[in-house]
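The structure appears right after this line, and notes come after that.
Keep in mind that this is a model prediction, so the values were computed, not measured. For ligands, and for the atoms within them, numbers begin at 1 and follow the listed sequence.
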Amino acid sequence: MVYWMSRDQRVADNWALLWAQQEALIHQKGLLVVFCMIPDYPGATSRHYSFMCKGLEELRGKLNQYNIDFRILEQSPEAILPQFLATIDAHLLVSDFDPLRIKQQWKKKLIACLKIPLHEVDTHNIVPAWIISDKKEYAAYTLRPKIKRVLDDYLTDIPAVQPHPFNWNKAPLEVPQTFPGESVACQKTEAYPWIQAGEAAAHLAALNFVQQRLGNYTKIRNNPCLDGQSGLSPYLHFGQLSPQRLAWMVSGSALPADTKEAFFEELVVRRELADNFCYYEPAYDRVAGFPDWARKTLDQHRNDKRDYVYSLTELEKGTTHEMLWNACQQDLVQSGKLHGFLRMYWAKKILEWTPDPEMALEYAITLNDRYSLDGRDPNGYTGIAWSLGGVHDRAWPERSVFGKIRYMNEAGCRRKFDVDGYIDTVLTRADVCFCSNALRGNERNKDER
Ligand SMILES: Cc1cc2nc3c(=O)[nH]c(=O)nc-3n(C[C@H](O)[C@H](O)[C@H](O)COP(=O)(O)OP(=O)(O)OC[C@H]3O[C@@H](n4cnc5c(N)ncnc54)[C@H](O)[C@@H]3O)c2cc1C
């Protein structure tokens with residue numbers, strides 16, 4: 001029995017692994033987990049690979065304790081798995097679920113040449129994406145009641161993996177073993193200092209958040225100067241933390257119902273809505289994926305004069321006229337993370353400062369995927385489509401460039417939090433950074449304000 005692990009890189013709380021083990025036990029077979037590592041995953045940088053490889057190294061050790069072998073195969077799954085599975089005489093392939101195009105295409109090509117059954121298990125959503133809805137949902141208000149109806153059935157504790165009693169026959173295997181840290185993709189990399197990779201660190205961070213910080217979530221989560229959000233998205237993105245485990249911890253806590261509900265709105269409703277969008281909307285990363293009203297209004301304002309137009313390089317370097325935006329970009333580059341509230345403002349300004357929505361979308365996705373540790377995720381494509389293209393949102397009063405897309409600006413941010421304090425924090429953190437000169441040199445803009 002083989003579990004091809006991809007999105008959900010953890011041993012604990014992994015329904016795909018549990019399913020594979022159950023099948024292996026029933027049929028008295030050995031169990032093997034494989035991970036297909038490609039060195040050029042779209043948008044991924046060495047920092048992403050570093051975070052992922054550290055997690056995989058820990059995972060290998062943990063699997064071995066359960067007598068479950070782990071192999072990294074350094075090719076894309078459709079290229080290597082059919083032959084690999086034939087070589088080891090595999091009986092069943094189990095995979096986890098990912099709605100993104102590249103993963104869906106791999107799976108499609110794989111199925112076309114597989115000689116054994118493939119079972120797909122959605123262990124990333126609490127209610128599996130194809131069960132909660134069979135169509136693209138219009139907005140959170142259409143998905144929310146569907147989730148609420150069945151959440152109690154799906155939000156359960158998760159059993160543990162068992163030490164596996166059967167070995168597998170490794171003899172015919174000619175593919176040499178690669179350890180995560182030795183993979184070509186993982187050479188010469190550095191991760192972010194503020195976050196430790198791996199399942200154990202993820203579990204600790206989740207526990208710490210639920211016990212120490214979730215109580216303040218409703219009060220401070222929208223303030224980028226305060227540590228109000230969980231910061232768990234990189235763990236969730238790489239599957240080092242199970243969303244169901246996190247939700248189970250929260251539901252079992254003694255916190256007030258409104259706090260739990262506010263967090264579930266993000267962790268469950270918004271996150272599963274993002275998977276729903278990417279699963280059922282093939283153009284999730286293109287303007288064609290925006291709703292009709294949004295495409296129409298953006299078209300009507302296509303030729304509106306832009307007061308500022310910036311190239312991708314200028315945006316990437318954070319050298320615009322707006323200090324807050326530059327600070328956001330610098331924050332993102334330095335730390336691999338931007339606060340959720342600022343992500344909206346950051347993306348909307350890209351729409352305002354580029355020649356057309358198509359270019360804005362391309363730039364926002366490029367920068368988000370390149371610099372966010374949690375990038376290349378359905379949440380990212382959906383968050384950007386919400387910001388630039390009204391996905392899951394409604395029409396707002398019409399204005400230049402944006403049309404009826406919801407507008408955000410620095411003045412609005414000032415009403416919410418201490419913008420200058422945020423900029424100063426980013427500047428102070430930046431000992432040596434190409435962006436800091438741009439920020440410091442922009443005093444004129446500060447005075448004018
Ligand atoms: C322009 C833009 C780009 C974004 N890019 C990404 C991205 O690349 N990767 C990513 O994971 N999220 C992205 N988001 C969604 C959201 O901003 C982040 O999930 C959140 O800021 C992560 O921080 P946290 O874990 O501290 O959040 P918390 O507030 O602690 O929330 C807990 C979890 O709930 C989920 N969640 C929270 N907010 C949202 C949301 N709006 N939509 C979907 N799920 C949500 C995430 O899994 C998050 O980790 C983006 C949003 C926008 C507007």
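- Ligand 1 has a nitrogen or oxygen under 3.5 angstrom from a nitrogen or oxygen of D374.
- The closest approach between any non-hydrogen atom of Y217 and ligand 1 is below 4.0 Å.
- Checking only distances, R376 never comes within under 3.5 Å of ligand 1, N or O to N or O.
- Listed by atom number, the atoms of ligand 1 under 4.0 Å from A347 heavy atoms are 1 (C).
- Partner of W4 under the side chain to side chain contact (heavy atoms under 4.5 Å, CB included) criterion, chosen from V34, D96, V33: V34.
- By the 3.5 Å distance cut-off applied to N or O atoms, S233 is counted among the residues near ligand 1.
- When heavy-atom distances to ligand 1 are checked against a 4.0 Å cut-off, N379 comes that close through both its backbone and its side chain.
- Salt bridge annotation for R414-E410: present, with a cationic side-chain nitrogen under 4.0 angstrom from a carboxylate oxygen.
- Heavy atoms of S387 found under 4.0 angstrom from ligand 1 belong exclusively to the side chain.
- Residue-level proximity to ligand 1 for N368 is carried by the side chain, the only part with a heavy atom below 4.0 angstrom.
- In the vicinity of L267, heavy-atom distances shorter than 4.0 Å reach the ligand 1 atoms 34 (O).
- Within the 3.5 Å criterion, the main-chain N or O of G318 finds no donor-acceptor partner in the side chain of Q330.
- Under 4.0 Å from ligand 1, not a single heavy atom of R221 appears.
- A centroid separation of 6.0 Å or more is found between the aromatic rings of F402 and H301.
- Near R271, the atoms of ligand 1 lying under 4.0 angstrom from a non-hydrogen atom of the residue are 43 (C), 44 (N), 47 (O).
- Contact atoms of ligand 1 toward G380: 4 (C), 5 (N), 6 (C), 7 (C), 8 (O), 9 (N), 13 (C) (distance under 4.0 Å to a heavy atom of the residue).
- Considering G375, G340, G383 only, the shortest heavy-atom separation from atom 52 (C) of ligand 1 involves G383.
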Item to check | Working for salt bridge (Lys or Arg N to Asp or Glu O under 4.0 Å), residues D374 and R343 | outcome: CA-CA 12 Å; D374 62 12; R343 282 180 131 156; 2.7 Å; yes

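- Numbered from 1 in the order shown, with element, the atoms of ligand 1 that lie under 4.0 Å from a heavy atom of L232 read 25 (O).
- Considering R343, H339, M344 only, the shortest heavy-atom separation from atom 20 (C) of ligand 1 involves R343.
- Every N/O-N/O distance between F263 and ligand 1 stays at or above 3.5 Å.
- Listed by number with element, the atoms of ligand 1 under 4.0 Å from a non-hydrogen atom of L236 are 47 (O), 49 (O).
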